[in-house]
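Below: one structure, written as structure tokens.
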2 protein chains.
Amino acid sequence: MVTMQDVAERAGVTKQTVSNVIRGRGAVSPATAARVRAAIGELGYTPNLVARSLATGATRTVGLFVPTVTGSFYPDIVEEVEDVLDANGYHLLLCTTRLDGERAKRHLAGLTSRSVDALLIAGDRDLIDHLPLLAEASFPVALCAWETDAPDRFPVVTIDYERAGYLAGRHLRELGHERVAVLASPDHGPRVAGFRRAFAADGLTVPDAAVHTASEPTPAGGFAAATAALTADPTITALFATHDVLALGALEAARAEGRSVPRDLSIVGHDDNPEVGVARPALTSVAIPKREMAREAVELLLRALTRSGSPANSIQLLRPELVVRDSTGPADGR
Amino acid sequence: MVTMQDVAERAGVTKQTVSNVIRGRGAVSPATAARVRAAIGELGYTPNLVARSLATGATRTVGLFVPTVTGSFYPDIVEEVEDVLDANGYHLLLCTTRLDGERAKRHLAGLTSRSVDALLIAGDRDLIDHLPLLAEASFPVALCAWETDAPDRFPVVTIDYERAGYLAGRHLRELGHERVAVLASPDHGPRVAGFRRAFAADGLTVPDAAVHTASEPTPAGGFAAATAALTADPTITALFATHDVLALGALEAARAEGRSVPRDLSIVGHDDNPEVGVARPALTSVAIPKREMAREAVELLLRALTRSGSPANSIQLLRPELVVRDSTGPADGR
DNA sequence: CTGAAAGCGCTTACAG
DNA sequence: CTGAAAGCGCTTACAG
């Protein structure tokens, strides 16, 4: 392997002159700079990043933890993070925790050893127990896509999930719906709370019995929960699913029950995944700006890096937006 | 930051004794090992991986290039690669090239500088022009999920795509289909060739005019191509889509044309993505062992690392398997 | 079983 | 504008 010393000898200078021309810093005469560049080209020299990292204390690598890279949520996060990183000359070290706390812990320990300049943790499932490990990390850490129990030790950039639920509720209220049910995944408390708030604003209440927890975040789980909801209270005129996949299942359930959407039943989803636009009827859903969220989170980290301080310990909430399509209509069914 | 030297002083030994107990190598008396371990605990010492990398010349990091991390193909690859890496104590540096050759090149250049112990390139889109950059890489490189034009300079682990097409063709032949059409994505030449081989074996030929190239790898692209195929030759009794998403569109097209699947038209997909099992009718598809492929590829790389030689320059083909569901039936339509 | 030395390939002040 | 020195935090032979 060719080293900086080799280049220096070839160009007839010392190695820190070579270092200077490579980094474009310090003062080097145009003539010697040209000689150095020529030597680099002839030798095919490429600087050893590991050595540079040891000397500078920076690896220009950012770690990202996500629960998984399948599904329709996290891949966008990963790509957005990578885009921002790439634009700033950083690399991405990826860890998918896959519902495995031990694995998460192991990776966390590995990264703590200076091999990463900053760390972004997206999603709340597997890492929460091990977050204390990061308390004394020597690099900035931020959290994103965190819905519940965000530890207040780190800055977090996430969605205003409570408002997302509120938007869904307000939309149904504006359409005149009074008796409704919710299909919820276990960790979606804030969305449910926001939904209820919209009804409470009109003096209506969504009883606990109207909130049906889905056994799994799949269309099948949504189908079962929706069927349960329609059986428990056949008079409901609308359904809020805290996740689009559940809404997809609810669409099937409505069909199975012989209820036409949106005439007999309105359905609102959450996330605005690409597939909900092609569902029939196209699903009304709360869109969450996940790419913007990811971008804000990385940029926060990058800012901390250049200003070499820790980021402000704050929580930043991105605002969701309701996307109205064909699965919701007036409560009176006309 | 606490260093090995600090631990050494605290334990009353020299730093390479500390190094020895950490790595569990060299001979250290149980008593001093215990003292060292105690000191490590008290100080909260964690070894600097960058310094270790500089000394050993290994980063215990493997780079992975994929075109994207969205969709249903590459995420599985990424997770499988990470699983194998994790089991062997390696980290994952991820680069998604996103159809951007410049970006790919930039990352390639970055990784060449010793910051990665090995490199796996999955998918053939964006990197082929820059592969020569890797010719003199000092670390092992392997390719996987490569369908066409695999450069013969590197070992490749991929799917026997020609056989995948053949399996689809043979299945249709066994059902008695004679007049058929193919919906193909541009880069799927081998699948089409294999499909044709199955017909040629029976003295039949699939004319060029029966191969319809989809404008885009989406249901919409499949819909358009299928419609074109059915219009060009209304007598066909079966369709092979080289990608499941195209098959999904073909299903719609058949519906639109008033042809019942599989009675009036049989459809075979490719990839066996999870969604094709829930399509109605459930799609017959050629399943490709992508996780096994990814596993083989990383393990090949890891083997090269431990044996510190370059991997054998070979091509390993994983065999696909046909999964018969409800979208195919006999040509006579009974 | 333990310690002193050299080295991995850079960068960072600091003289000249 | 250029060069000699020290140092980043480890590991790897090699003496004792």
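Quantities reported herein were computed from a predicted structural model and do not represent experimental measurements. Letters go in sequence order (proteins before strands), and every chain restarts at 1.
- Around CZ of A:Arg153, the count of heavy atoms belonging to other residues, nucleotides or ligands within 6.0 Å does not exceed 12.
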Where protein sits on nucleotides 8-16 of chain D, one letter per nucleotide: B base, S sugar-phosphate only, - none, heavy atoms under 4.0 Å: BBBBB----

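- Salt-bridge annotation for B:Arg291 and B:Asp76: present, with a side-chain N of the basic residue lying under 4.0 Å from a carboxylate O of the acidic one.
- A donor-acceptor distance shorter than 3.5 angstrom exists from the side chain of B:Thr56 to the backbone of B:Ala58, with no hydrogens or angles considered.
- Residue B:Ser29 is classed as a sugar-phosphate contact, given heavy-atom separations below 4.0 Å to backbone atoms only.
- Counting only distance, with no hydrogens or angles, the side chain of B:Thr68 and the backbone of B:Thr70 share a donor-acceptor pair below 3.5 Å.
- With a 6.0 Å radius and a threshold of 12 heavy atoms from other residues, nucleotides or ligands, A:Asn313 has its CG atom above the threshold.
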Base-pairing string, 5' to 3', of DNA chain C - Watson-Crick or wobble, under 3.5 Å, | interstrand: |||.||||||||.|||

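- The shortest non-hydrogen separation linking B:Leu108 to B:His130 is CD2-O, 3.7 Å.
- Residue contacts shown for A:Thr32 are limited to sugar-phosphate atoms, with no base heavy atom under 4.0 Å away.
- The backbone N or O of A:Ala104 sits nowhere less than 3.5 Å from a side-chain atom of A:Thr97 that would complete a donor-acceptor pair.
- Side chain of B:Glu80 to backbone of B:Glu292: no donor-acceptor contact under 3.5 angstrom is found.
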